[in-house]
Amino acid sequence: MTGAHPSTKTYFVAYIVLLALLALTVAVAYIPLGAGNMLAALTIACIKAAVVVLYFMHVRYSSQLVRLSIGAGILCLAILIAFTLADYQTRGRIPTRLEDPPPLEMR
Amino acid sequence: MATVAHHFDDLEQQREACTFGMWVFLVSEIMFFGGLFAVYMADRYQYPEVFIHASRTLDVVLGTINTAVLLTSSFTMALALAAAHEGRRRALVLWLLATIVLAGAFVAIKASEYAAKYEDHLAPLMDSGALDQSLTPEPEKLFFGLYLTMTGLHALHVLIGIGVLTALTVPAWKGRFDRDRSLAVELSALYWHFVDLVWIFLFPLLYLIDRSA
């Protein structure tokens, strides 16, 4: 009934990896990357999340049903954020009437 | 839970169904926090400089320590579950208590951070004026409102988690959870790891927007 689960050694390795990624996240924040900063931070956060989900939460050893549920959740979240941003980022740039020129400045 | 509830065929199906149910709940929680993340994304896009500026008022040392504390608590929770699966009663209680203590440390550090913000009047309904006189205060209030709401909602989840784990320790001590009967520990572990997951995203988005001076 327990299902397969990782060994203590695997948990420990995952933990060390997470701490290393945490150090990396903080270090990268001090490098001037401009817009790349958020991308780098989120990428590292996603890797950390993957480690937690796959190993600590046993999803690597879980059924397809569980994986499908997680995938569906991530898809819904992606739709939420993508469409919200699509709205905000295109405001003012698309003229509401054919005769109106787009405004010079959006923000 | 060595007994199989009547609507399940066997122990494995019971466990699978409970795990699935827990994940459906966690996915709904992802959407719950997701709404706040969407607001954050839109606001950060609108006011990038203000967000950078306001983010730098957060204590990155405390934030990093707190992240490490939560990551460690996830580790101890995983060890607790392993102990439950192997019927090691004492180890289970030990790791549960370790997780609870770490969670408490997280909340304590958060409380001290909130107190610091309160002293600086950087809280909702407290009129501080702008951090930088060249900027208007409204976008900053957006950041601090988001900071308080997102970390506050997260801290509430941590407190609930502490309650759940505390409720597990007494039956754990009495040997209630062992090889085939540790479903409650399994599901609580899933909840706890989820709480850690949310913070993994909150930390860089709130504390580390851009620290290159």
Side-chain angles (χ1 to χ4, degrees), chain A residues 1-3 5-8 10-12 14-16 18-19 21-23 25-26 28-35 37-38 40-42 44-46 48-49 52-53 55-59 62-63 65-67 69-70 72-74 76-78 80-85 87-89 91 106-107, chain B residues 1-2 11-12 14-16 19-20 23-24 26-28 30-31 33-35 37-39 41-42 44-48 60 63-64 67-68 71-72 74-75 77-79 81-82 84-86 179-183 186 189-190 193-194 196-197 200-201 203-205 207-213:
Chain A
M1 116 110 191
T2 57
H5 67 88
S7 63
T8 305
T10 310
Y11 285 145
F12 184 68
Y15 174 55
I16 297 299
L18 285 170
L19 287 180
L21 287 172
L22 171 61
T25 312
V26 177
V28 166
Y30 286 89
I31 303 173
L33 290 170
N37 220 302
M38 170 141 92
L42 280 179
I44 300 172
C46 283
K48 280 155 110 182
V52 171
V53 167
Y55 291 99
F56 284 165
M57 294 171 101
H58 298 179
V59 172
S62 289
S63 63
L65 184 58
V66 165
R67 294 179 193 191
S69 313
I70 299 169
I74 293 173
C76 284
L77 183 63
L80 171 65
I81 292 180
F83 278 74
T84 302
L85 286 179
D87 181 350
Y88 276 94
Q89 291 189 17
R91 279 190 190 181
M106 211 193 98
R107 316 186 218 133
Chain B
M1 275 174 240
L11 209 57
E12 183 55 32
Q14 176 174 269
R15 193 190 136 262
E16 181 58 37
T19 307
F20 172 55
W23 271 108
V24 170
L26 291 180
V27 165
S28 78
I30 288 173
M31 294 310 294
F33 279 96
F37 278 101
V39 172
M41 292 289 178
R44 175 168 167 176
Y45 175 75
Q46 302 245 287
Y47 304 107
V60 74
T64 307
T67 312
L71 289 175
T72 311
S74 253
F75 181 46
M77 190 67 222
L79 291 174
L81 183 56
H85 279 158
E86 289 160 23
R179 206 165 306 271
D180 282 337
R181 297 186 303 164
S182 41
L183 197 53
E186 252 182 78
L190 281 178
H193 294 309
F194 171 76
D196 186 22
L197 267 181
I200 282 173
F201 284 95
F203 173 58
L205 289 179
Y207 288 75
L208 302 177
I209 294 185
D210 186 347
R211 294 255 167 187
S212 55

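Naming: A, B, ... by sequence-line order, numbering from 1 per chain.
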Using 30° and 60° as the class limits, which term best fits the ring planes of A:Phe56 and B:His193: parallel, tilted or perpendicular?
parallel

Side chain from CB out, backbone as N, CA, C, O: work out which of these in [X] comes under 4.5 Å of a heavy atom of chain B, or both, or neither.
X: A:Leu77; result: both
X: A:Val52; result: side chain
X: A:Tyr55; result: neither
X: A:Leu85; result: side chain
X: A:Tyr15; result: side chain

Check whether any side-chain heavy atom of [X] lies under 4.5 Å from a side-chain heavy atom of [Y], and answer yes or no.
X: B:Phe201; Y: A:Lys48; answer: no
X: A:Val26; Y: B:Phe203; answer: yes
X: B:Val60; Y: A:Tyr30; answer: yes
X: B:Leu197; Y: A:Met57; answer: yes
X: B:Met41; Y: A:Tyr88; answer: no

As a quick check of understanding, evaluate side-chain contact (heavy atoms from CB on, under 4.5 Å) for A:Asn37 and B:Ile209, giving each step before the final call.
CA-CA 7 Å; A:Asn37 220 302; B:Ile209 294 185; over 6 Å; no

Based on non-hydrogen pairs under 4.5 Å, which of [options] is most in contact with chain B?
options: A:Ala41, A:Ala23, A:Ala49; value: A:Ala49
options: A:Val59, A:Val66, A:Leu33, A:Thr84; value: A:Val66
options: A:Leu42, A:Thr8, A:Leu65; value: A:Leu65
options: A:Ala72, A:Ser62, A:Cys46; value: A:Cys46
options: A:Leu21, A:Asp87, A:Ile70; value: A:Ile70

